[in-house]
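The structure under discussion appears below in the form of structure tokens.
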Amino acid sequence: MTNIKNVYDEVQVFFNKELEWDSAVNRDWVEGFLRQKAWQGANDEVLRDLWRNLQMFVSYLSYSGETDIDEMTASEYSLAIEWMIVQEEEFNPNLATVRHLFDILQEFYNYLAGKKLIADTGELKQAAEFMIGGKRLRFMEVEDEQGELPLKSLTVPKDIGRIVGEAVERLMLKFSSYFQQENFVDDFDRALTLYLGPLGQMPEEENDDEFWLGFWDYFLFDYHLLANDNTPLTQFHIDYNNKLASEEQKILRELMGAKFTVFYVQSVINQDWVECVNLLTDEKFRLPNPNFDYKLIKKLLFYGHVFLQQEERELVMINFITSVEISSNLRRRIREEINRQKAMLELQQPEASWVDFVDRHANAVRHTIDLLATWARVNVTSYAQMERSFPQPVTGEKNVNTVVLELLAVFMPKFGYSCHDIVLAKKLWQDFSGIEAVHIRKPAVWAAAVIQAYSKINNGDTEMPTETLAEEMAVAKSSISTSRAKLFEALKLEKYDPRYLSEEGIVSLLYDLQ
């Protein structure tokens, strides 16, 4: 563990070991400033406070890719403050906190100007006057060329504000900053894999706005996080709603009310409105008239997120919407396929509604439409699985070995499985326990067998290697294989078994040309 003795040690460790990218402010400048303050009588507590504030600013500069603080505009200082509010837990979005930071930056800039290291502090003063010069904290509008944050790990379209309209661009920037935290890297990679599908490839153009708008629409609204099964929007609301301005909180609430909807236009009401029909539920609602050619609009199937008032069923906002031109027969075929997928979910959740299905499998719906409309597939969902008769386990918990359940919860996240995967794998073990009475000598063996069986069901022809499970869980390979065979026999398990089919599993099923 690093031995931190004083504030200068903290500065050294930060610049040498913690700073991920180069910064427009270097270590010598900071140390010189702190030493000058020490000569002027600042004690250790004051020096550490100065450094904490400068550290946040330096971190932002590193993150944003800014190479010259002389070239920063007032709006970029506003963006820096917004970034700190999201990234730094102790940085509160109020006048006192932001004023304190600006005071420190001004002192720091005065020191640098005295050393002729920078030439001008006018933009910093302009930002401070605008943001903290009144009775409440204000943020500056993002400038078209200067205001966009250069993102280092996630690709965000330049006009990401289009996703939900011009009014929420600042909130979307906060989303992008929040979800670039290291603890979301695995989720981002998994979401991209699910969105692309087994045969999907990244677009040739790195800044393909159409692709990234669609992906972010899926990620924010429909993806389920590994750790807790929340959607990213829900998690953002939990963690940062109290740090948002009141108007941003209102927008976030509206976003969280959005529903993934597959629909078509049934008729034109007037020049302002069209009547739409939800393909899956037959519900009718009104949307603003897109002013397309009527013959064309009748051939289009739309899908994406819409925001409807519950009472009047009228649109509040439209999110990023995709459309495909299809025949009425193909529209019917798409509905049949998605109905079959819902029936598969009902084997897991007998009372599952369309809301439940779409909340869990909106991504599968996207892939289904794409495969039928673009790939001209005859069908994409297996008939065979739905025609099977499944063993009926005896309900009750007395025969369920709970240690196996606990081991699943411990080891599955280590292998990259989600919170929802654990729920399904536990159900597999509970069902087996209701059919087969076995003496459990080594719970870890059975837990490893369940994980391997679950991976076989959802990954097609690829399953979790026995060697990996045996090494990680400290059990014999032969024991895993024997127990896995008993699971398959007792439950009559098959590849893509709908009783335990995950989000990954259903997408793999759609692309499996069986």
Side-chain angles (χ1 to χ4, degrees), residues 186 189-190 193-194 198 226-227 344 347-348 382 384-385 388-509 511-514:
D186 290 342
D189 291 341
R190 174 174 173 254
T193 299
L194 283 166
L226 288 162
M344 294 170 74
L347 291 171
Q348 298 176 13
S382 172
Q385 289 287 5
R388 294 172 56 201
S389 60
F390 300 101
Q392 297 301 310
V394 177
T395 58
E397 299 181 358
K398 63 179 182 179
N399 295 327
V400 179
N401 187 293
T402 59
V403 177
V404 174
L405 298 177
E406 292 168 2
L407 289 171
L408 291 174
V410 170
F411 282 98
M412 288 186 73
K414 296 181 180 180
F415 297 125
Y417 287 105
S418 70
C419 177
H420 185 63
D421 287 322
I422 297 171
V423 171
L424 294 176
K426 285 183 174 181
K427 182 65 166 56
L428 191 157
W429 174 247
Q430 290 166 337
D431 288 349
F432 173 75
S433 301
I435 292 174
E436 191 85 3
V438 295
H439 177 63
I440 309 298
R441 292 180 55 249
K442 292 185 177 181
V445 169
W446 285 99
V450 170
I451 294 172
Q452 190 175 62
Y454 183 78
S455 72
K456 175 67 175 179
I457 291 167
N458 288 289
N459 295 335
D461 296 325
T462 305
E463 64 183 13
M464 178 71 70
T466 307
E467 294 79 6
T468 302
L469 289 163
E471 180 179 354
E472 184 68 29
M473 303 181 71
V475 294
K477 292 188 292 184
S478 59
S479 299
I480 296 175
S481 299
T482 300
S483 298
R484 173 187 172 280
K486 291 179 179 178
L487 291 171
F488 266 78
E489 175 61 27
L491 290 170
K492 306 302 179 187
L493 298 175
E494 292 185 10
K495 182 173 67 171
Y496 305 128
D497 194 306
R499 293 170 291 176
Y500 316 106
L501 200 62
S502 68
E503 289 161 282
E504 283 89 345
I506 195 169
V507 172
S508 295
L509 165 65
Y511 286 84
D512 193 332
L513 299 174
Q514 49 190 327

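The shown structure was predicted, so the numbers you read here are calculated from the model rather than taken from an experiment.
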Requested in this report: Report yes if some heavy atom in the side chain of Y500 is under 4.5 Å from a heavy atom in the side chain of K427; otherwise report no.
Outcome: yes
Requested in this report: May I ask you to decide if V400's main-chain N or O and W429's side chain share a donor-acceptor pair within less than 3.5 Å?
Outcome: no
Query raised in the report: Going by heavy atoms in the side chains, are L226 and P413 under 4.5 Å from each other?
Result: no
**Report entry** Shortest non-hydrogen contact between A453 and L487, atoms and distance
**Finding:** CB-CD1, 4.2 Å
Report task. Could you tell me whether the side chain of E436 reaches within less than 4.5 Å of the side chain of K486, counting heavy atoms only? Result -> no
**Report entry** Contact check, side chains of M473 and K414, non-hydrogen atoms, under 4.5 Å
**Finding:** no
Requested in this report: Would you name the heavy atoms of S483 and A449 that are closest together and state the gap between them?
Outcome: CB-CB, 3.6 Å
**Report entry** Between NZ on residue K426 and CG on residue D431, distance to nearest 0.5 Å
**Finding:** 14.0 Å
Report summary line: Closest heavy-atom pair, L428 versus I457, reported as atoms and distance to 0.1 Å, is CD1-CD1, 3.9 Å
**Report entry** Verdict with supporting geometry, N459 and M464, side chain to side chain contact (heavy atoms under 4.5 Å, CB included)
**Finding:** CA-CA 9 Å; N459 295 335; M464 178 71 70; over 6 Å; no
Report task. Return yes if some donor-acceptor pair links the side-chain N/O of N458 with the main-chain N/O of Y454 below 3.5 Å, else return no. Result -> yes
Query raised in the report: Taking side chain as C-beta onward, heavy atoms only, is V403 less than 4.5 Å from W446?
Result: no
Requested in this report: Output the distance between atom CD1 (I506) and atom OG (S502), rounded to the nearest 0.5 Å.
Outcome: 9.0 Å
Query raised in the report: Would you say the side chain of D497 lies within less than 4.5 Å of the side chain of F390, judging by non-hydrogen atoms?
Result: yes
**Report entry** Interatomic distance, E463 atom CD to I451 atom CD1 [nearest 0.5 angstrom]
**Finding:** 12.5 Å
Query raised in the report: For the residue pair D421 and M412, what are the closest heavy atoms and their distance?
Result: O-CE, 3.8 Å
Query raised in the report: NZ/K456 to OH/Y496 distance, rounded to the nearest 0.5 angstrom?
Result: 9.0 Å
**Report entry** Contact summary for P391 and A490, nearest pair of heavy atoms
**Finding:** CG-O, 3.7 Å
Report task. Check Q452, K477, R484 against T466 for a side chain to side chain donor-acceptor pair (under 3.5 Å) and give me the one that passes. Result -> Q452
Query raised in the report: What's the verdict on side chain to side chain contact (heavy atoms under 4.5 Å, CB included) for F415 and L469, showing C-alpha distance, side-chain angles and the deciding distance?
Result: CA-CA 9 Å; F415 297 125; L469 289 163; 3.7 Å; yes
**Report entry** Validation row: R499, L493 side chains within 4.5 angstrom (heavy atoms)
**Finding:** yes
Query raised in the report: Closest approach of P443 and L407, non-hydrogen atoms and distance?
Result: C-CD1, 3.7 Å
Query raised in the report: Does any non-hydrogen side-chain atom of E504 lie less than 4.5 Å from one of T193?
Result: no
